[in-house]
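A, B, ... follow the sequence lines: proteins, then strands. Residue 1 opens every chain. The figures here come from the full heavy-atom set of this structure, side chains too, leaving out hydrogens, waters and symmetry mates. The structure displayed is predicted, hence computed values, not measured ones.
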Protein chains: 2
Amino acid sequence: MLMTVKVQPPKTRIQRKNTQAILDAALEVFSRQGFRGATLDQIAAEAGLSKPNLLYYFPSKEAIHVSLLTELMTTWLDPLRDLDPDGEPVEELMTYVRRKLEMSRDFPRESRLFANEIIQGAPRMIGALEGELRDLVEEKSAVIRGWIAAGKIADLDPHHLLFSIWALTQHYADFDVQVRAVLGPGHDPLAEAGSFLDGLFTRLLRPE
Amino acid sequence: MLMTVKVQPPKTRIQRKNTQAILDAALEVFSRQGFRGATLDQIAAEAGLSKPNLLYYFPSKEAIHVSLLTELMTTWLDPLRDLDPDGEPVEELMTYVRRKLEMSRDFPRESRLFANEIIQGAPRMIGALEGELRDLVEEKSAVIRGWIAAGKIADLDPHHLLFSIWALTQHYADFDVQVRAVLGPGHDPLAEAGSFLDGLFTRLLRPE
DNA sequence: CGTGTTCTTGACCAGTTGGTCAAAACAGGA
DNA sequence: TCCTGTTTTGACCAACTGGTCAAGAACACG
C-alpha cells in the first residue's frame, strides 16, 4: 500500500493563506493587548474569518500565541547568531546594532509581542529564555570578552552591553507612541535613532 | 451656617487604608496583565476585599487604572524636573541616570504599568504624553543644548539622549525576567547595571 | 459531472467579566 | 444605650469569553 508520507502538514493553498492571515491578525492583536487582553473575536475580525474558522486551523487561543512566540524566537535571535567571531570587532557590533534597529523599524509588532510576554513574566517563554537565549548570549559574551582582552574594543561587561543594545533599539518599537508624542510631528524617530545610536556606540566601543 | 469645607474627599482612617490597599493590589495586577488582562476579581482578591467593596471605593475598573496612571505621571517625572540648569552638567545628568535606575529597582511595578500602557498605544495617557511630558522634555532639552553649546558635555541630541536614559534604566525593571534568565543565578542585576551605566554615561557625556 | 474531502458557519454552551442593588453589619458620637 | 451614617456583602444581571458541534458550502479530481 503506497501513501504519500506527510512529513510536514499538507498545507493546501487555502490553508497556507488562512493560517498566515490568522497569525498576522493575532500578531497585531496580541502585540497590543497581551495574551489575556486579546480575544478570539478580535483576531477573527482582523483576519476576516469567523471564530469557529480560526479554531479549525488552530486548536486554541494559546496555540496561536505559542506558534507566534516560537516563530519569533527563531528569527529574533538571527542578528546575534550572525555576530562573527572572526570579523572586525567594532564593525561586527555596529552591524548588530544596526540590524536590531532595523528590526524595530520593520517588525515593531514582533518587538511588542516579545515585550508584552516578558513584562507579564514570560509564562510561555521562560524556558526559551533560560535555554536558547542564555546559551547564545553565553557564547557571544565569550567572543566579546576575547575582543576586549585583545584590546579591540573598550572594556564593557558583555552581558550588560548586550542588554544595552536590546534596550536602546527595542525602545523605538515598544515605546513608539511615547517617542512620537515627545518629538512631535515632523520627525522620523527611527532615522534619527539610527544616526544617534551609531554615534553612541561608535564612541562607546572605541578602546581608550 | 458653618461647615467644614471638604476640599479633599473626607478620607476616614478606613477609607484611606482601603483605597490604598486597592491601588496597591491594582498596581500589582495591572502592571503584569495590562488593563484588559486584569480582572476586578484578581484585584479584589489581592487587596483582600470583595468585588462590590472595590466598587464602593472606585466607580469602575477604569477609574482605578486612571487613578494609578495620574499618580504615576506625577511622581515619575520628578527626577527629570529636578535636573538643575545651574548645576554641574555631567553631575546633573549622572544623578538623573542614577535616580531613574533607583526607581527601576524600587518601583518596578510602576515601571511596568507605564510600559504596558505605552505598548498598548497609551489610550489613557496620550494626552499627558503630548502635554506635560512633552513640555518638560522640551524645557530640559533646551538646558542640555545649552550645556553642549558651552562645551560642558558631548554633542548628543537631547531628545535621544533622554530616550536612551529611559530605555537603559527602565529595561532593568520591565525586562527583569529576561535579564535574570540570561544572567543566571548569583547575580544582582540592578547593582551591576548601576556600575555599568555609570561607566557608560561617564564615557558618553565627556566632551571630546 | 459525481463524489469524497476540505472548508465554513450559525447556533449553542458553560464559565467569566464588569457592574448593580438592597439589605445587613458595623462604627462611633450623643 | 440608641441612632445615624459608613462600610460590607450575597445575590443577581447582561454582555462577553473560549470553545464545540453538526450541517452545509466549496473544492479538487477522476
Less than 4.0 angstrom between a side-chain N/O of Asn53(A) and OP1 or OP2 of dC7(C), yes or no? no
What is the nucleic acid contact for Leu40(A), judged by heavy atoms within less than 4.0 Å: base, sugar-phosphate only, or nothing? sugar-phosphate
Picking from Asp82(A), Asp84(A), Leu162(A), Leu101(A), what satisfies side-chain contact (heavy atoms from CB on, under 4.5 Å) with Tyr96(A)? Leu162(A)
Taking NZ, NE, NH1 and NH2 as the nitrogens, is one of them in Arg109(A) or Asp24(A) under 4.0 Å from a carboxylate oxygen of the other? yes
Look at Arg36(A) and dT17(C) and indicate whether a side-chain polar atom (N or O) is within less than 4.0 Å of OP1 or OP2. yes
Regarding Arg98(A) and Glu91(A), does a basic nitrogen lie under 4.0 Å from an acidic carboxylate oxygen? yes
Output yes when at least one side-chain N/O atom of Asn18(B) is less than 4.0 Å from OP1 or OP2 of dT8(D), else no. yes
So what does Tyr57(A) hit on the nucleic acid, given a heavy-atom distance under 4.0 Å: a base, only sugar-phosphate, or nothing? sugar-phosphate
Regarding the side chain of Asp41(B), the nearest nucleotide among dG19(C), dG18(C), dG10(D) is dG18(C)
Checking all strands, does Ala44(B) fall into the base, sugar-phosphate, or nothing category for heavy-atom contacts under 4.0 angstrom? nothing
Can you find a donor-acceptor N/O pair under 3.5 angstrom joining the side chain of Lys51(A) to the base of dG18(D)? yes
Thr39(B) side-chain proximity, nearest of dT17(C), dT8(C), dT7(D): dT17(C)
OP1 or OP2 of dT7(D) less than 4.0 angstrom from a side-chain nitrogen or oxygen of Gln15(B), does that happen here? yes
Does Tyr56(A) put a side-chain nitrogen or oxygen below 4.0 Å from OP1 or OP2 of dT8(C)? no
Shortest side-chain distance from Leu55(A), nucleotide among dT8(C), dG19(D), dT9(C): dG19(D)
